[in-house]
Structure formats: structure tokens, C-alpha cells
Amino acid sequence: MAAPAVGKRVLDTGWLAARSTDIALTGVQLTTTQPPAAVPAAPWMSAAVPGTVLGTLLKNELIPDPFYGLNNQAIVDIADAGREYYTFWFFTTFQCAPSGNQHVALNFRGINYSAEMYLNGHKEVIPKGMFRRHTIDITDILHPDGNNLLAVLVHPPDHPGRIPPQGGQGGDHEIGKDVATQYVEGWDWICPIRDRNTSIWDEVSVSITGPINITDPHLVSTFHDDFKRSYLHCTLQLENKSSWIADCEVKIQVSTELEGNICLVEHLQSYSITVPPQSDMQYTIPPLFFYKPNLWWPNGMGKQSLYNVEVSVDVKGFGESDSWNHYFGFRKIESTIDDSTGGRMFKVNGEPVFIRGGNWILSDGLLRLTKERYMTDIKFHADMNFNMLRCWGGGLAERPDFYHFCDVYGLMVWQEFWITGDVDGRGIPVSNPNGPLDHDLFLLCARDTVKLLRNHASLALWVGGNEQVPPVDINRALKNDLKLHPMFASNQVSNSQEKYLSEESTDPSQYLDGTRVYIQGSLWDGFANGKGDFTDGPYEIQYPESFFKDSFYKYGFNPEVGSVGVPVAATIRATMPPEGWTIPIFKKRIDGYTQEVPNPIWDYHKFIPYSKPGKVHDQIELYGHAKDLDDFCEKAQLVNYVQYRALLEGWTSFMWTKFTGVLIWKTQNPWTGLRGQFYDHLQDQTAGFYGCRCAAEPIHVQLNLASYFIEVVNTTADELADVAVEISVWDLDGASPYYKVTDKIVVPPKKVKQIMEMKYPKMKDAKPVYFLLLKLFRLSDNAILSRNFYWLHLPGNDYKLLEQYQQKNIPLKIYSDISVSGTKHKVRMTVENRSKNSVAESTLSVSTIDLGDGSGSHSTGKETPQEGNGNGSVWRKICGGLGIARSSDNLRTLEVNGTDSGVAFFLHFSVHTSGSSSTAQEKYRDTRILPVHYSDNYFSLTPGEKKTVDISFEAPLGSSPRVVLRGWNHHLDHAVMI
């Protein structure tokens with residue numbers, strides 16, 4: 001048998017599983033004389049690895065879907081069944097027969113919580129800790145014929161805890177005694193996870209090397225002369241597993257991708273070294289010089305340039321012994337407390353970044369963490385124009401795939417360690433005040449996590465815990481371990497960096513990290529009030545204008561502020577039985593407020609009402625009483641859009657004068673929850689997604705809902721000049737009673753400029769409900785830089801007149817251009833409002849101009865302007881990743897006749913398979929194709945306007961996709977068949 005090639009092989013198929021109490025055999029027997037059959041027979045079953053025990057049981061239909069309806073209540077909790085019930089065997093086989101000079105390691109990147117590993121009858125104990133890697137040298141226990149039998153007995157966390165009858169934040173908090181994810185005991189946004197995520201939950205692999213292997217290279221970039229000169233530093237560990245001195249050549253190659261998939265090699269260097277036998281050795285490669293490297297920028301500030309760094313080691317007499325590669329971004333991240341606001345400020349490559357992002361728990365509560373799902377998750381956040389995600393301390397130390405896509409799409413990441421105030425000393429009841437029982441294990445996991453993630457450009461900040469600091473000894477150790485190298489201390493200027501480069505004896509790549517700030521807790525040191533008091537939030541519905549008031553929030557950076565998140569009706573039907581399709585009861589209180597009382601299934605799924613009795617009147621009822629599920633969810637989308645656009649616009653209105661950033665709680669749910677989300681667990685976007693996308697544009701025009709002044713936001717590093725704002729008001733009859741174009745405007749970099757008061761509401765004949773369209777455009781060519789559409793009512797009024805507006809019959813013209821490559825589809829839809837335009841053509845500036853090519857955003861930042869949102873165009877990345885060629889053979893036009901004139905209001909596309917989604921009881925079939933990427937959605941068109949939306953998705957084999965357009969006053973379900 002030929003020797004296998006040096007490299008890594010992932011073991012992610014062919015796994016079997018069985019409950020340990022159902023197996024009488026030992027691990028030795030399973031991996032020698034009595035392995036399970038290749039075709040599983042009870043009690044063995046096909047296993048999901050990586051995954052969880054619950055995921056495996058669900059895959060085999062041995063439990064109901066825990067995220068559907070009230071199914072989770074029917075699944076046995078570990079507290080009731082005991083740890084043995086969720087202790088499982090996992091078994092697989094693999095081929096590997098190394099040659100005499102090769103070495104083989106079995107790698108587990110994550111096990112929750114401990115395990116025993118058996119390979120060909122040999123046993124190894126895998127110690128406790130969810131967030132640590134395990135590498136086992138299996139060279140001497142591989143079978144000579146290359147056929148290897150592997151069995152792993154996985155044990156749940158030692159302290160899985162019990163769920164109190166009233167639920168609570170982290171159940172009874174017992175899980176905090178272990179170094180594991182804490183959300184699994186349930187929170188106010190998720191149900192308990194019955195197996196506590198017991199599993200081989202991350203990648204399993206076999207790696208083959210020669211006598212020398214490479215471990216945990218650390219890459220660091222340093223900068224000089226205003227980022228014109230840069231050095232790449234690299235330190236790695238070399239292990240010589242042989243019994244002889246190894247004469248080695250260490251090679252490093254740095255390349256960058258040019259247009260057309262051509263790579264440019266910028267460095268190729270080699271260095272001769274000697275590694276003693278049976279030893280580990282740290283080796284620092286001499287710094288590599290780069291002149292004006294392409295820099296990595298956050299989303300909205302420039303391109304996410306990444307270099308492919310490849311490190312290899314050749315051994316004399318053997319050849320290539322091991323290799324490693326990583327995509328690396330040249331960038332410098334600094335973080336300090338801003339003197340003027342007291343909020344934490346982030347700078348990237350010397351430029352301040354106004355943070356608009358969200359809190360992230362994890363992608364899926366059963367840890368079904370695929371590259372495809374991660375790519376969609378992160379792309380969605382980039383599409384919303386966000387620039388930061390906070391990985392909350394009760395969730396995961398996120399995985400390399402998560403960080404890779406954050407690198408690609410420009411999402412800065414705040415990564416917390418596994419401490420929460422609720423579980424670790426500040427919850428009700430108070431418990432675990434000294435954190436986990438094993439502090440050394442916590443620190444081991446923390447250090448290993450740093451090594452796993454530190455090379456990612458997107459990683460911006462380490463934080464000790466959520467709303468709590470780690471115990472004193474852990475906090476002290478983390479502060480020491482993660483101290484900044486002198487070259488990254490923010491008070492050092494560039495000429496001092498030269499001094500440190502020559503005088504500092506330690507290369508920055510020799511630090512554990514040394515390039516990012518460590519903050520002890522999410523409410524300390526520039527976050528919330530900075531002192532650890534519970535001064536984040538709130539987490540409920542607000543009046544939209546409240547976000548613009550100076551009194552709404554006192555402090556410079558709010559790490560958590562949240563609100564509602566009901567998905568579309570199709571998601572409710574797809575994730576709940578018919579008894580869950582009933583909408584909340586609207587109970588009128590004596591004080592005039594409405595209380596929304598949800599059905600038991602909605603209550604279990606943590607529904608946040610659209611009213612706050614005593615504080616906020618019901619925002620759904622502003623549009624009229626909801627008649628049924630479809631009506632409720634459609635009105636909820638109106639509220640979602642308004643609520644989250646106002647939240648971000650309100651914060652942005654105070655950019656750098658009061659606030660340095662805000663993170664929304666949360667952006668998505670790891671299950672079928674009904675709160676705090678911009679897309680649901682099935683990955684269908686809510687209207688709030690597009691409200692955020694609008695509000696977080698790098699260049700943006702907005703209406704201050706408190707002052708009714710029009711503002712222009714420039715978050716970029718360049719002056720915004722030669723621009724003006726077109727203001728048009730439209731009534732429900734399709735007339736435009738107010739129209740104005742401002743004089744030329746200049747907005748300095750990173751400023752918000754107040755332009756003028758929008759006086760229409762004060763006019764004598766102002767309509768009770770009206771539409772406002774703002775367009776920021778360039779005077780030289782009328783190019784639209786920002787477009788913002790509002791529906792508004794006069795003070796003291798509501799939106800109930802919009803109910804009758806649903807009967808309007810607006811003429812539309814719909815164009816489609818379709819390209820298909822295998823299962824991958826790209827559709828360009830253009831919608832034109834054919835209503836007669838009541839504004840005199842001679843006065844028009846940009847009212848009837850085509851709204852763009854579907855990119856949906858605008859170039860900004862220090863880079864050369866280009867189509868897209870300044871990140872190399874998310875849309876281009878999507879399409880480029882799909883490998884779809886443009887086709888002009890599928891142009892189609894559809895005209896929708898209509899006799900009315902007016903705004904085509906709240907239009908939204910969806911993509912479906914062919915067939916009916918009948919809502920008859922117990923026969924609902926969800927026809928949606930998900931996920932789908934839209935360059936925009938939930939949009940409105942005034943008379944004469946035309947808008948292009950680019951749509952991309954992957955359709956199931958054999959399906960016949962159709963793109964459907966619906967809207968508030970467009971109910972004909974016109975579909976484009978593909």
C-alpha cells in the first residue's frame with residue numbers, strides 16, 4: 001500500500017452512534033473483534049458528527065424536532081433521565097497506513113464534555129472541557145493493513161443542572177460549574193437544550209506528517225510611515241517526533257489573489273534550521289517587508305484584502321514534512337475609551353469606526369454548524385451593513401469557519417469567554433460567585449481558544465464575560481496573557497514603533513496574542529456605564545422617535561439593546577402546528593394600553609409583544625386590528641422595519657457626539673424563537689433586516705423622528721461634497737403635495753449634518769397619513785447615494801388609513817433576467833411603478849431615476865469608489881462564489897394593469913418551489929426556497945420609480961423555482977417561473 005500524502009483528512013462521514021446503556025460491549029471489543037455492522041442495526045444508528053446527541057436522535061427520527069411547536073416539552077431532560085441517558089458511543093472506520101517515517105495524529109477540535117477514545121483496542125482518555133482541542137499521536141496503534149476502528153464514548157457536562165419550573169436565565173446555574181456553553185439550560189430567549197449539547201461537536205480529523213510537524217503559527221502585521229511600510233511576523237512551534245536530528249528548511253510563501261483568479265506571490269523565503277530529536281522548538285521567521293500592502297477594512301470602510309500565507313517544513317532525506325496555511329489580513333485594530341463620549345472607540349488602520357452591529361449566540365442550538373450555514377449567516381450581517389458581531393459569553397467560542405467568513409465579509413468580532421452574570425454570581429438565585437470549579441481548566445481552554453482564532457483579521461476584542469468579570473485569579477491571568485505588545489499600545493505613535501521594532505527583544509508574534517485589547521467584562525471600561533452596573537438594554541418595543549431623544553440612553557456604547565422579532569407567517573406555519581397559528585389576544589386595559597396575550601406556543605417560543613402597557617401603545621394596532629396570522633405578521637413586518645431603522649438612525653444621529661457604537665440584542669435566534677431577530681432560524685429575513693440595511697449605510701440620508709430635521713450621515717473618511725437632498729411627500733391619492741431640492745451640501749468626514757426641517761406636518765393641509773421620500777444624490781450626474789422611504793402620520797394620528805390603501809390597484813411593470821448554473825440561480829428583477837407622476841417633470845431632480853443595478857449600497861471609504869458597499873461588493877462576492885455567468889437570453893417582461901395612482905407600498909419578493917402551500921390543518925407545506933440573498937426587499941416605489949433587485953439562491957434538485965412579488969397593495973402573486 002502506498003504511503004498516504006502529508007496533510008489532513010476530515011472524518012465527517014460514516015459515523016454511527018448508540019446510547020451507552022444499550023451497548024454491553026467494551027471499547028476494546030468494539031474496536032477489535034466486535035465492531036458494529038456498516039449498515040446500522042438497533043441500537044446503532046447513523047450519527048451526525050460533528051453534531052450533538054440530540055442532532056443524531058433527530059436525524060434518526062427518534063425524537064420530534066425540538067424546535068417545532070411544543071415538541072421540546074416531550075423530550076426527556078438530562079436532569080430527569082440522568083447523565084447516562086445522554087452518554088453515547090460514536091463509532092467510525094478510516095483508512096490510514098503510514099510509511100516508516102510518517103507520523104499520524106487524531107485530532108478532535110471540540111468535545112462536550114469528556115470522552116474515552118478507543119482505536120484498534122487501545123484506549124486514551126480525553127479530558128474535560130468543551131473549548132479545547134485534543135491531539136493524540138496514533139502512529140503506533142494504527143492497524144498494519146490500514147483498516148482502523150475508532151470508538152469514542154462521550155460524556156455530558158459534569159453539572160448539567162435542572163430547569164426550575166419558572167425557567168430562568170441559565171436554569172439553576174449548575175452548568176456554570178463546568179467550562180461549557182451556558183445557554184443550554186435555557187434563557188429568556190431559548191428553551192432548554194435537553195442533552196446540554198453533549199457531543200463530538202466540532203471537526204474530527206487525521207493529520208499525517210513527516211518527522212517534523214508545525215503547530216499554531218502566529219501571524220502579526222506591524223506598520224510604519226502611515227501604513228506605507230509593513231512587516232509580517234510569524235512564530236511557530238516545531239516538534240521533532242523522530243529520534244534523530246532533523247535538518248530542516250522552513251518555507252513561507254505569501255500570495256494575494258488578483259482579478260481573474262490569478263495569484264501574485266509577494267514573498268517566498270526559506271530558512272535552514274536544525275531541530276533536536278524528540279523535542280519541541282519555537283522558531284520565529286525573520287520579519288517579511290511589504291510596501292503599501294493591501295489593507296483589510298471593516299465592512300463599509302473599504303476592501304477586505306486577504307493574503308494567503310503558507311508555511312511548510314522540509315526535512316532533509318524525507319521531503320515535505322508538514323504544511324499550514326491561513327488567509328491573513330494586514331490591519332491594525334486599536335481600542336480605547338473615547339474622551340468626549342466615555343464610550344469605547346475602535347480604530348482600524350488609524351480610522352475611527354462607528355460600531356453598528358449585533359449580538360450573536362450561535363447559529364444553531366443543536367450545533368449543526370456547517371460552512372454553508374456560516375457563510376449565509378455572516379453574509380446576511382454584511383448585507384445589513386453591520387460592522388461588528390459580539391459573541392456572547394453564554395454561547396460558543398466561535399469556530400474557524402465563522403471567523404473565516406467574518407474575515408471575508410468584514411465583520412469585526414468581539415469574542416467573550418464563558419462567564420455570564422446570570423450564572424456566575426449575579427443571577428437569581430446568586431450562584432457560582434467564583435465561576436467554574438476548575439480555574440486551571442478554564443484558562444487552558446481560554447489559551448487554546450486564543451491560539452485557534454488569533455490569526456483572523458476580523459477578531460477585534462477579547463472580553464472576560466457577559467455582564468460579569470471572571471474570578472480574580474482568572475481575570476488576572478487573562479490580563480497578563482493577553483497584554484498588548486508595546487507596538488500595539490494605543491499611546492505609541494508611529495515613530496515610537498520604529499524604536500520598539502529595534503529595541504523590543506520580543507517579536508510580537510511570540511506573544512499569545514498581543515495585538516488586541518482584553519476587557520474584563522461587557523459592562524466595564526467604555527461599555528454601558530463602564531462600572532459593571534446593569535446599564536445595557538432595554539429589550540422591548542419602543543416608540544420610534546424615542547431612539548432619537550437624548551434621554552433614551554446615557555452612555556457612549558450600548559452593548560445590548562433589543563426589541564421585537566416576529567417572522568413572516570410562512571415561518572410560523574412551518575415551525576408550529578395549527579394551534580400555534582392563532583395570533584395574540586389584544587386586551588384593552590383600563591389605562592388605555594393594550595396587552596398582547598400570546599397562545600401557549602408563542603409564549604414558549606419567547607414572543608416579545610408589540611406593546612408595553614404603561615409605556616408604549618400597541619404598534620401593531622396603529623395599522624388597524626389584526627384579522628388573522630397573515631395580517632398580523634404583515635403588520636409586524638411594518639413595525640419591524642420602522643423599529644430597527646429608527647434604532648440605528650437614532651444612534652447614528654449622535655455619532656461621535658454622544659455615542660461610539662451600539663450592538664443590537666440579537667440579530668438572529670439559534671432556534672425558532674419569536675424575539676430579537678432579523679432573520680429566522682429557517683434563514684428567511686424579516687423586514688427589520690432591511691430597515692437595518694437602510695439605516696446603516698455608510699452614507700445615508702435620514703429623518704430625525706424627534707426633531708423632524710433631515711440629516712445626512714457620512715461615516716466615511718472622505719468629505720462628502722457636491723451633493724443635495726431631494727424631498728418629496730406623497731399622499732394616499734398618489735399626489736405629491738410637497739417637493740423640494742436642497743442647495744448643494746458638504747458633509748465633513750465622520751459627521752452627521754443637520755440639513756433642514758421637514759415642515760410638511762406643520763402645513764395647513766397636511767394629510768393625516770403620508771409618505772416621505774428622501775434621496776441624497778450627486779449633483780454632477782444625479783447618481784443616488786442614499787434613498788430612504790418613510791410612512792408617517794401626524795401627531796396624535798395612526799396608520800389605519802393604510803388599511804383601505806390595500807385595495808389600491810397600482811399598475812406595475814416587472815422585468816426579469818435569469819441565469820442558471822446547475823442548482824445555482826441568479827435572478828435580476830426590476831419593478832417599475834407605472835402610475836402617473838403628479839410632480840411636474842420640469843421640477844424633477846431624481847424622482848423618476850432608475851434606482852440602481854441591484855447592488856443596494858454605495859462605495860465609501862479610503863479606497864477607489866466602486867459599485868457595492870465598499871467591501872468589494874457583497875453582491876459580487878455572492879455571485880462570484882456561485883460561479884454564475886450572465887445570460888441575456890432570459891429577459892422577460894410582465895405588465896400588471898391597474899387603474900389607480902399612488903405608491904406601490906411595501907413590496908417584497910420571495911422564492912418558492914412549484915406546488916401549493918395549502919394552509920389546511922396538518923397539511924401545510926412550506927414552498928419557500930431558503931436561504932435567498934436579496935440586494936433589497938420590503939421596498940416601496942413612488943409613481944414613475946423603477947428599482948432593480950438582484951436575487952441569488954440554490955434550488956433543490958428537480959425543483960422548479962418561481963419568484964413571487966407581493967406587497968401591501970399588490971396581492972396578485974405574480975410569479976416568474978424559472
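We use all heavy atoms of the structure for the numbers below, so side chains are in, but hydrogens, waters and symmetry mates are not.
- With values rounded to the nearest 0.5 angstrom, Leu232 atom CG is found 6.0 Å from Leu219 atom CG.
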Working for side-chain contact (heavy atoms from CB on, under 4.5 Å), residues Asn529 and Lys531:
CA-CA 6 Å; Asn529 76 350; Lys531 303 173 184 178; 3.7 Å; yes
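- Of all non-hydrogen atoms in Asp424 and Trp418, the two that sit nearest each other are OD2-O, 4.2 Å.
- Between Trp651 and Phe552, the angle of the ring planes goes over 60°, which puts this pair in the perpendicular group of the 30/60° scheme.
- In this structure the side chain of Tyr553 never reaches within 4.5 angstrom of the side chain of Val561, judged on heavy atoms.
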Take Trp665 and Trp360, measure what ring pair (Phe, Tyr, Trp, His ring centres under 6.0 Å) needs, and give me the verdict at the end.
CA-CA 8 Å; Trp665 182 267; Trp360 172 269; over 10 Å; no
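- Between Tyr644 and Phe678, the distance separating the two ring centers is shorter than 6.0 angstrom.
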Assess whether side-chain contact (heavy atoms from CB on, under 4.5 Å) is satisfied between Glu560 and Glu467, documenting all intermediate values.
CA-CA 10 Å; Glu560 296 183 17; Glu467 299 177 341; 3.7 Å; yes
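- Between Thr336 and Lys347, the closest side-chain pair of non-hydrogen atoms is not below 4.5 Å.
- Atom SG of residue Cys692 and atom CZ of residue Phe386 lie 4.0 Å apart, to the nearest 0.5 angstrom.
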Should Arg373 and Asp364 be marked as a salt bridge (Lys or Arg N to Asp or Glu O under 4.0 Å) after you check the CA-CA gap, both sets of side-chain angles, and the distance that decides it?
CA-CA 9 Å; Arg373 187 173 180 95; Asp364 177 65; 5.3 Å; no
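- The backbone N or O of Val701 sits less than 3.5 Å from a side-chain atom of Ser786, completing a donor-acceptor pair.
- At least one side-chain heavy atom of Leu648 sits under 4.5 Å from a side-chain heavy atom of Val662.
- Remark: Lys751 NZ is loosely packed, at most 12 non-hydrogen atoms of other residues, nucleotides or ligands lying under 6.0 Å away.
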Asn640 and Gln637: CA distance, side-chain angles, deciding distance, side-chain hydrogen bond (donor to acceptor under 3.5 Å, both in side chains) verdict
CA-CA 5 Å; Asn640 290 345; Gln637 299 319 309; 3.2 Å; yes
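- Residue Lys606 qualifies as enclosed at atom NZ: its count of foreign heavy atoms under 6.0 Å is above 12.
- Shortest non-hydrogen contact noted between Pro544 and Val642 is CG-CG1, 3.5 Å.
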Determine, stepwise, if the pair Asn714 / Thr716 fulfils side-chain hydrogen bond (donor to acceptor under 3.5 Å, both in side chains).
CA-CA 6 Å; Asn714 181 12; Thr716 77; 2.7 Å; yes
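- With rounding to the nearest 0.5 Å, the separation of CG in Asp422 from CD1 in Ile419 is 12.0 Å.
- Considering every non-hydrogen atom in both Met384 and Ala696, the closest pair reads O-CB, 3.6 Å.
- Between Tyr403 and Leu459, the closest side-chain pair of non-hydrogen atoms falls below 4.5 Å.
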side-chain contact (heavy atoms from CB on, under 4.5 Å) evaluation trace for Leu523 with Asp536
CA-CA 8 Å; Leu523 300 176; Asp536 46 3; 3.6 Å; yes
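- In summary, of the residues considered (Asn385, Asn299, Thr652, Asn387), a side chain to side chain donor-acceptor pair (under 3.5 Å) with Arg356 occurs for Thr652 alone.
- In this structure, Arg787 forms no cation-pi arrangement with Phe777, as its terminal cationic atom is not both closer than 6.0 Å to the ring centre and no more than 45° off the ring axis.
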Determine whether Asp407 and Ser458 satisfy the following criterion, side-chain hydrogen bond (donor to acceptor under 3.5 Å, both in side chains), listing intermediate values before the conclusion.
CA-CA 5 Å; Asp407 292 346; Ser458 55; 2.7 Å; yes
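- Annotation: Lys615, atom NZ; neighbour count of heavy atoms from other residues, nucleotides and ligands within 6.0 Å does not exceed 12.
- The shortest side-chain heavy-atom distance between Trp462 and Phe417 falls under the 4.5 Å cut-off.
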Derivation of the ring pair (Phe, Tyr, Trp, His ring centres under 6.0 Å) call for Phe330 and Phe328
CA-CA 7 Å; Phe330 282 81; Phe328 179 76; 5.5 Å; yes
Checking Phe689 against Phe380 for the ring pair (Phe, Tyr, Trp, His ring centres under 6.0 Å) test, could you report, in this order, the C-alpha distance in whole Å, the side-chain angles of both residues, the deciding distance, and whether it holds?
CA-CA 9 Å; Phe689 182 108; Phe380 275 175; 5.5 Å; yes
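- Of all the heavy atoms in Phe488 and Pro508, the pair that sits closest is CE1-CB, 4.1 Å.
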Test ring pair (Phe, Tyr, Trp, His ring centres under 6.0 Å) on Trp392 and Trp414 and set out the steps.
CA-CA 8 Å; Trp392 175 73; Trp414 151 349; over 10 Å; no
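- Salt bridge Asp448/Lys451: absent, no basic N to carboxylate O contact under 4.0 Å.
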Under the side-chain contact (heavy atoms from CB on, under 4.5 Å) criterion, do Gln702 and Leu774 qualify, and how do the steps go?
CA-CA 7 Å; Gln702 65 184 40; Leu774 303 177; 5.7 Å; no
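- Salt bridge present: Asp481 and Arg447 bring a charged side-chain N and a carboxylate O closer than 4.0 Å.
- Here the options are Glu711, Lys549, Glu649, Glu545, the test is side chain to side chain donor-acceptor pair (under 3.5 Å), and the partner is Asn704; only Glu711 passes.
- Put simply, CD on Gln415 and CG on Leu389 are 11.0 Å apart, with the number rounded to the nearest 0.5 Å.
- In this structure, Tyr938 and Tyr690 have tilted ring planes: the angle between them lies in the 30° to 60° band.
- Shortest non-hydrogen contact noted between Val423 and Gly170 is CG2-CA, 4.1 Å.
- The 12-atom threshold is not exceeded at OH of Tyr327, counting heavy atoms of other residues, nucleotides or ligands nearer than 6.0 Å.
- In this pair, His456 and His326 present their aromatic rings perpendicular. The plane angle is above 60°, beyond the 30 to 60° band.
- Two residues are said to be in side-chain contact when any heavy atoms from C-beta on lie closer than 4.5 Å; His218 and Asn455 meet this criterion.
- Here the shortest heavy-atom pairing between Leu478 and Ala446 reads CD2-CB, 3.9 Å.
- The closest side-chain heavy-atom distance from Asn480 to Lys483 is below 4.5 Å.
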Can you list the steps and then say if Gln182 with Asn466 is a side-chain hydrogen bond (donor to acceptor under 3.5 Å, both in side chains)?
CA-CA 11 Å; Gln182 296 183 358; Asn466 164 63; over 6 Å; no
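- Looking at heavy atoms from C-beta onward, Leu411 lies in side-chain contact with Tyr409 at the 4.5 angstrom threshold.
- Taken from NE2 in His404 to CD in Glu398, the straight-line distance is 14.5 Å, to the nearest 0.5 Å.
- Taking CD from Gln754 and OG from Ser653, the interatomic distance works out to 8.0 Å, rounded to the nearest 0.5 Å.
- Ring geometry, Phe227 versus Phe223: the interplanar angle falls from 30° to 60°, so the pair is classed tilted.
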